[in-house]
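Chain A is the first sequence line, chain B the second, and so forth, proteins listed ahead of strands; every chain is numbered from 1. Side chains are part of it too, since the values below use all heavy atoms of this structure and drop only hydrogens, waters and symmetry mates.
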4 protein chains.
Amino acid sequence: MDETPVRGRPRSETARRAVLDAALELCRSSGYQALTMKGIAEKAGVGRQTVYRWWPAKQDVLIDALRDLALLRAEQLNPETGDTLSDVRMLLDATFSLTTALTGNALVGLMAEAQHDPELSRRLQGTVIGPRRQALRDLLARGVAGGELSDAAMSLDLAVDFAFGTMWYRLISHHAPVDSELAGQITAALAELLRPDAARGPVPPPAD
Amino acid sequence: MDETPVRGRPRSETARRAVLDAALELCRSSGYQALTMKGIAEKAGVGRQTVYRWWPAKQDVLIDALRDLALLRAEQLNPETGDTLSDVRMLLDATFSLTTALTGNALVGLMAEAQHDPELSRRLQGTVIGPRRQALRDLLARGVAGGELSDAAMSLDLAVDFAFGTMWYRLISHHAPVDSELAGQITAALAELLRPDAARGPVPPPAD
Amino acid sequence: MDETPVRGRPRSETARRAVLDAALELCRSSGYQALTMKGIAEKAGVGRQTVYRWWPAKQDVLIDALRDLALLRAEQLNPETGDTLSDVRMLLDATFSLTTALTGNALVGLMAEAQHDPELSRRLQGTVIGPRRQALRDLLARGVAGGELSDAAMSLDLAVDFAFGTMWYRLISHHAPVDSELAGQITAALAELLRPDAARGPVPPPAD
Amino acid sequence: MDETPVRGRPRSETARRAVLDAALELCRSSGYQALTMKGIAEKAGVGRQTVYRWWPAKQDVLIDALRDLALLRAEQLNPETGDTLSDVRMLLDATFSLTTALTGNALVGLMAEAQHDPELSRRLQGTVIGPRRQALRDLLARGVAGGELSDAAMSLDLAVDFAFGTMWYRLISHHAPVDSELAGQITAALAELLRPDAARGPVPPPAD
DNA sequence: TGTTAACCGAGACGGTACGTCCTGTCTTGGC
DNA sequence: GCCAAGACAGGACGTACCGTCTCGGTTAACA
């Protein structure tokens, strides 16, 4: 293979972990806005240049940290229990369990930052948002194909929006927890909305 | 009454409007993170102290700006057309129309900032989030009371989460617009979920 | 007059003095090399920007500080006691008394820095070096014109070099003090070298 | 003898020369302040550790480089032509010829650095300054002993200060060259000041 | 003719000063 | 008293260099 020959002192895994851990912890305790490259370096007991050497900005540190976490718990995006609704519930459960207190601030802060950083937005879509969204949609589509579900009355895209929208809404607003019970409730609601015999109800008149 | 006798030069309405407009415009064009008290003052052509005199922080400027906007369009949170679903749709329409390009950044940025600012969180709940949420819930509750809807299969709170969660999700993620069509789709979905003859389907077993 | 109308908060004389004093003191105690803009600001209890606002680099701070000192003691470069040698001695005395422990480091450091900073070199020549040198040369020239001295055997320029060269040599090398006694000895030597009846001795053959 | 048996790869003379040359050249072209261990290593095409292994600081590199140069041209500190003034002139010539463009920056920079580094000061005195100074003084003392010169009117120490002070003054201030002509002029002046029949002139009154 | 140990390059490491920018406060003159 | 201007103390930014360290490779004297 074209394994580039390593020259010079190899990268310190200790420093890498210390930085990622410090970033998540600081983000949890003080919030995304207060998160600072300098603060990360000091908390991690690491030189400032060591942070900048590997991550251009605090967003990159956080994304790496989140990816590390996700990899650890990447049970599976595609549970395949045979039953579509069970698969849905397991996917939602697994997803919700990633939105812990440790990661909540980071996720919301990153999403906010992405409002005016298209590149960051693209990366978040590609790593954090997109795969989960696609996985759920695929599950539902499989259910439709198998006859368990029907998208006659409601588009699958909107169904997915319902599920993850509720999650984000609660993550942002904190008016209710994002837990396993919510996963069950959402699964039940999706079952209702996509039940095979559903017919689209009468659409209310436009609001003009 | 205790009308405090005004002394000295009265506050300049011109400066006030210039500051609020500058804040929203800068937030729109450069994002919440890049928004700066100094930047607001310069864009508004106003001394820095003039901004600090009336608003302690950039959040306060934005909240005031948003309130001004909302007041302008506060047709009503409670349309009362006689038909619950029509009322719901109108409320959603009115709400969605406030999440324009001009305000989207500000809303999301404020919500992110509120993650670690309980006071800000409280104020947002009291002004931006809470009233709309309560208004929708009240509409649905009235529909249940009138027999048009039923909360047998799904709690009204979760129904509200579906509606506004989808809105926030799209505001954050930009994968689909927040428009009148969405208002119609959500209304239809709510009608389905809360239809009087709905029965809660079998809940899938827990994932553990 | 075109007195520009002052706008905004006026410059703080307190801060100015604190910076100049801190710079000289730090230069004295730790040396020119260790002198730092950051260090100056901290020692002066002043924001870093306040230093940079008025002085681009540490050299500029030092030059200002030295100028302040020199102005305070600028009795006169041209004593005019009637007797040329007395004038010479007074000029040397006044000059040597400026090369205190407080300023020695600064002077030498600045001169060293000027080795590769033509602009700094020019400014030092114009403020610190040149005027003194010119004043001494003028005094000697006046003595020659008055018949008290003669430049037959030795150019006045070299005579000036002898006087100030010895001063700088001792400032740099510290092998002997730069004090009033030295002023007397140099004056006597100059009197000898420039005595009216001096004739240039036989020049030794070139070394080749 | 205690010749430690050399084991392993011997020190690279190539690297040593490259470092010394790079240091002098960088000091000449960019000045002492801008001289950097990193810069030296890179210019020399040598690892940074190779520089630090042999020289603790940039001063040490320069001193070694200067010593190498001096050794090459160490014609002699003690010419012994039989005539004291000729000897003096040859010594000054040899000394001045070392203060080339290549070494001027290094010398002045080192002297400035020595202001607050007693150890460096001591080493410079022992290698660069002291021996030359002592050699000149010895020459003059020999002349006094032989009756060619007299220290009745002026101490030999001050005479030495005149000679080397002028050199340093011009090295620092660049207002005139340090060349063979200067050596001749200084020799003539010393002959005048130390001529056997000189009598100390009337000392001007103290300035106070 | 291997062994072997010091050499050498490269470059990551924890630090620190750089000069810039923004913060929130203050202090002017003018309106 | 409000307003613009702008100086103030403070702190984070991202860059550059410091001196130390830790790698893989090289190389020459010794065995």
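Straight-line distance from the CG atom of A:L35 to the P atom of F:dG11: 18 Å, rounded to whole Å. Rounded to an integer number of Å, the gap from A:R17 CZ to E:dC13 P is 15 Å. In this structure, the CH2 atom of A:W55 is 18 Å from the C1' atom of F:dT15, given to the nearest Å. Counting to the nearest Å, the C1' atom of E:dT23 and the CD atom of B:E42 are 13 Å from each other. At whole-Å resolution of the value, CH2 in A:W54 and P in E:dA12 are 5 Å apart. For B:L26 and E:dC22, the CG to P distance is 12 Å, given to the nearest whole Å. The CD atom of D:Q49 sits 13 Å away from the C1' atom of E:dC13 (whole-angstrom rounding). Remark: P of F:dG14 and CD1 of A:I40 are 10 Å apart, rounded to the nearest angstrom.
Counting any heavy atom pair closer than 4.0 Å across all strands shown, B:G39 reaches no nucleic acid atom. If you check every strand for non-hydrogen atoms under 4.0 Å, D:A15 touches sugar and phosphate atoms only.
Relative to the side chain of A:K38, the nucleotides F:dC13, F:dC23, F:dG19 differ in distance, and F:dC13 lies closest. Which of F:dC8, E:dT27, E:dG11 sits closest to the side chain of A:R9 comes down to E:dG11. Checking E:dT25, E:dA17, E:dG19 against the side-chain heavy atoms of B:Y52 singles out E:dT25 as nearest. The side chain of A:R48 lies closest to E:dA17 when the candidates are E:dA12, E:dA17, F:dC3. The side chain of C:T36 approaches E:dA17 more closely than any other nucleotide in the set E:dA17, E:dT27, F:dA9.
Taking all atoms of both residues into account, the shortest heavy-atom contact from A:A15 to A:T50 is CB-CG2, 4.4 Å. A pairwise comparison of heavy atoms in C:V108 and D:A112 identifies CG1-CA, 3.9 Å as the closest pair.
Between A:G45 and D:A44, the residue whose closest nucleotide on DNA chain E is further toward the 5' end is D:A44. Between A:M37 and C:G47, it is C:G47 whose nearest contact on DNA chain F lies nearer the 5' terminus.
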For a side chain to side chain contact (heavy atoms under 4.5 Å, CB included) check, start with the C-alpha distance between A:L66 and A:T127, then their side-chain angles and the critical distance, and finish with the verdict. CA-CA 10 Å; A:L66 291 178; A:T127 57; over 6 Å; no
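Counting only distance, with no hydrogens or angles, the side chain of A:D60 and the backbone of A:A57 share a donor-acceptor pair below 3.5 Å.
One finds a side-chain N or O of A:R53 lying less than 4.0 angstrom from the OP1 or OP2 phosphate oxygen of E:dC13. In terms of phosphate contacts, D:T50 brings no side-chain nitrogen or oxygen within less than 4.0 Å of OP1 or OP2 of E:dC7.
The shortest side-chain heavy-atom distance between C:R11 and C:R16 falls under the 4.5 Å cut-off.
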